[in-house]
Each structure stands twice: as structure tokens, then as C-alpha cells.
A.B. asks: 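Take this structure, written in C-alpha cells, and hold onto it; I'll ask about it next.
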Protein chains: 2
Amino acid sequence: MNKVVNAPTPPYYAVIAPAELADDIRGYPELAARLVALAKTQPGFLGIESGFQKGFALAVSYWASLESIQSWRVNAHHMLAKEKGKTLWFTKYVTRIAKVERVY
Amino acid sequence: MNKVVNAPTPPYYAVIAPAELADDIRGYPELAARLVALAKTQPGFLGIESGFQKGFALAVSYWASLESIQSWRVNAHHMLAKEKGKTLWFTKYVTRIAKVERVY
């Protein structure tokens with residue numbers, strides 16, 4: 001997971017997902033890893049970068065199109081995992097959809 | 001630093017900056033902190049989110065416009081810091097400029 005993603009030439013899309021975490025995040029790293037493994041099987045998935053600080057997680061996944069993001073968004077496993085995240089581990093989070101226009 | 005950025009309603013811009021790090025990153029956290037303090041004084045800066053893993057750093061900064069990103073890009077302190085990063089600490093990195101179109 002800890003590699004710079006080798007994405008194709010822009011444009012492509014980024015899903016930027018920051019989350020403030022509760023003190024007790026038992027179970028979160030394992031679920032996140034399973035979710036990444038599942039994302040990798042999705043059409044249009046280009047890669048993911050992520051990092052942590054105390055109480056904070058940041059993930060950026062890359063996708064070929066808005067359609068591929070939408071399909072992943074409504075994936076049942078993904079939805080359940082997000083629900084669990086919101087209930088158990090995330091005290092604040094947003095999802096930002098962004099179009100990568102340029103890379104240098 | 002470890003908070004979800006409270007950005008305005010889209011559109012706005014994100015600078016996604018992942019970097020693979022060398023083993024010895026002495027000096028890097030201090031320089032990064034100084035750079036964030038400086039970025040906060042720049043016109044159009046909306047906030048920054050960042051995280052780490054062993055050997056990997058991910059930062060996403062948010063900006064009001066492409067012009068504000070360009071001004072920051074050519075800021076002398078910023079350029080020097082990036083140069084130092086490339087020389088001393090980053091084994092691989094890219095900078096992705098993305099337009100945040102939607103937040104949910």
C-alpha cells in the first residue's frame with residue numbers, strides 16, 4: 001500500500017477520504033486492508049495511497065471514471081464497511097471527488 | 001494538522017502529494033511543519049491533510065484556485081524545501097493537481 005501510485009496520464013479521478021478516528025480503532029486496520037483488497041478487483045480502480053497520524057487517517061484512491069467510482073460507492077461490502085467505520089471508528093469524515101487534471 | 005479540512009463548497013482544488021521516503025528522514029518532519037506554517041499564510045490556501053506510513057508520506061492541500069497553487073509552487077521557500085526533500089528524503093514522489101467537484 002505504501003507506494004506512489006503509477007496512474008495513467010490525466011485526466012482520471014481521485015477519491016480523497018480523510019477521517020478523524022476514535023481512540024479505540026481495534027478492527028479498523030484489518031477492515032481497511034480487506035476493503036483495499038476488494039477495491040483492487042473493481043473495474044476502473046487505478047490504485048490507492050494512504051497514511052495515518054494519531055487520530056487521523058487519509059486515503060486517496062484513483063479511478064478511471066466517475067462511473068467506476070459510483071459502482072464502488074454502491075458496492076454492498078463497501079457500504080457495509082463504511083457504515084461500520086462511521087459507527088465505530090470515525091468521529092468525522094468526508095469524501096471528496098476530484099478530477100486529476102495534471103501531474104508533475 | 002490531523003483534522004478533516006473544512007473547505008468551502010466545491011469547486012476548489014487539491015494538490016495531492018505522495019512520496020516514498022528514504023530510511024533516514026531526520027529533519028523532514030521539522031521542515032514539513034515549517035512549510036505547512038508558511039502555506040497557511042498564502043492567499044487561497046484552504047487547509048492540509050496528511051498522514052504517514054513506514055517509508056511513505058501523503059499530503060493533500062486544498063486551494064481556492066489554480067492561481068493560488070501556482071503562486072505557492074514558485075514560492076522560494078517552498079521550492080528550496082522541495083529541492084531538499086528530493087535530495088535528502090524522497091526516493092519517489094509526484095504532485096497531482098485535481099479539481100474537487102463534489103463532496104459528500
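A note on names: the letters A, B, ... follow the listed sequences, proteins ahead of strands, and every chain is numbered from 1. Values below: all heavy atoms of this structure, side chains included; hydrogens, waters and symmetry mates excluded.
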A.B. asks: Going only through I, L, V, M, F, W and Y residues with side-chain contacts under 4.5 Å, is there a path from Leu66(B) to Val74(B)?
C.D. replies: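 The answer is no; the residues belong to distinct hydrophobic clusters.
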
A.B. asks: Measure Ala19(A) against the heavy atoms of chain B and call it side chain, backbone, both or neither at under 4.5 Å.
C.D. replies: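 Just its backbone gets close to chain B.
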
A.B. asks: Same hydrophobic cluster for Tyr104(B) and Leu80(A), using side-chain heavy-atom links shorter than 4.5 Å among ILVMFWY?
C.D. replies: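 No: no chain of side-chain contacts under 4.5 Å links Tyr104(B) to Leu80(A).
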
A.B. asks: Does atom CG of Asp24(A) have more than 12 heavy-atom neighbours from other groups under 6.0 Å away?
C.D. replies: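 More than 12 within 6.0 Å, yes.
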
A.B. asks: Does any heavy atom of chain B fall under 4.5 Å from the side chain of Tyr13(A), the backbone, both, or neither of them?
C.D. replies: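 Just its side chain gets close to chain B.
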
A.B. asks: Do Val103(B) and Thr95(A) pass the side-chain contact (heavy atoms from CB on, under 4.5 Å) test, and can you show the C-alpha distance, the side-chain angles, and the key distance before you say yes or no?
C.D. replies: CA-CA 6 Å; Val103(B) 173; Thr95(A) 306; over 6 Å; no

A.B. asks: Under a 3.5 Å distance rule, please check whether Gln53(A) uses its side chain to pair with a backbone N or O of Phe52(B) as donor and acceptor.
C.D. replies: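 Side chain of Gln53(A) to backbone of Phe52(B), a donor-acceptor pair under 3.5 Å: no, none is there.
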
A.B. asks: What part of Val5(B) gets within 4.5 angstrom of chain A, counting heavy atoms only: side chain, backbone, both, or neither?
C.D. replies: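 Both the backbone and the side chain of Val5(B) come within 4.5 Å of chain A.
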
A.B. asks: Quick one: CD1 on Ile97(B) to NZ on Lys99(A), what's the gap to the nearest 0.5 Å?
C.D. replies: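 The distance works out to 15.0 Å.
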
A.B. asks: If we ignore hydrogens and angles and just use 3.5 Å, is the side chain of Glu49(B) paired with the main-chain N or O of Leu58(A) as donor and acceptor?
C.D. replies: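 No, Glu49(B) side chain to Leu58(A) backbone: no donor-acceptor pair under 3.5 Å.
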
A.B. asks: Judged by modelled atom types alone, do Tyr62(B) and Arg96(A) share a side-chain donor-acceptor pair under 3.5 Å?
C.D. replies: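 Yes, Arg96(A) and Tyr62(B) have a side-chain donor paired with an acceptor closer than 3.5 Å.
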
A.B. asks: Can you say whether Ile16(B) sits under 4.5 Å from chain A via the side chain, the backbone, both, or neither, judging by heavy atoms?
C.D. replies: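 Only the side chain of Ile16(B) comes within 4.5 Å of chain A.
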
A.B. asks: Between the side chain of Asn2(A) and the main-chain N/O of Glu20(B), is any donor-acceptor distance below 3.5 Å?
C.D. replies: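 Here the side-chain-to-backbone pair does not exist.
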
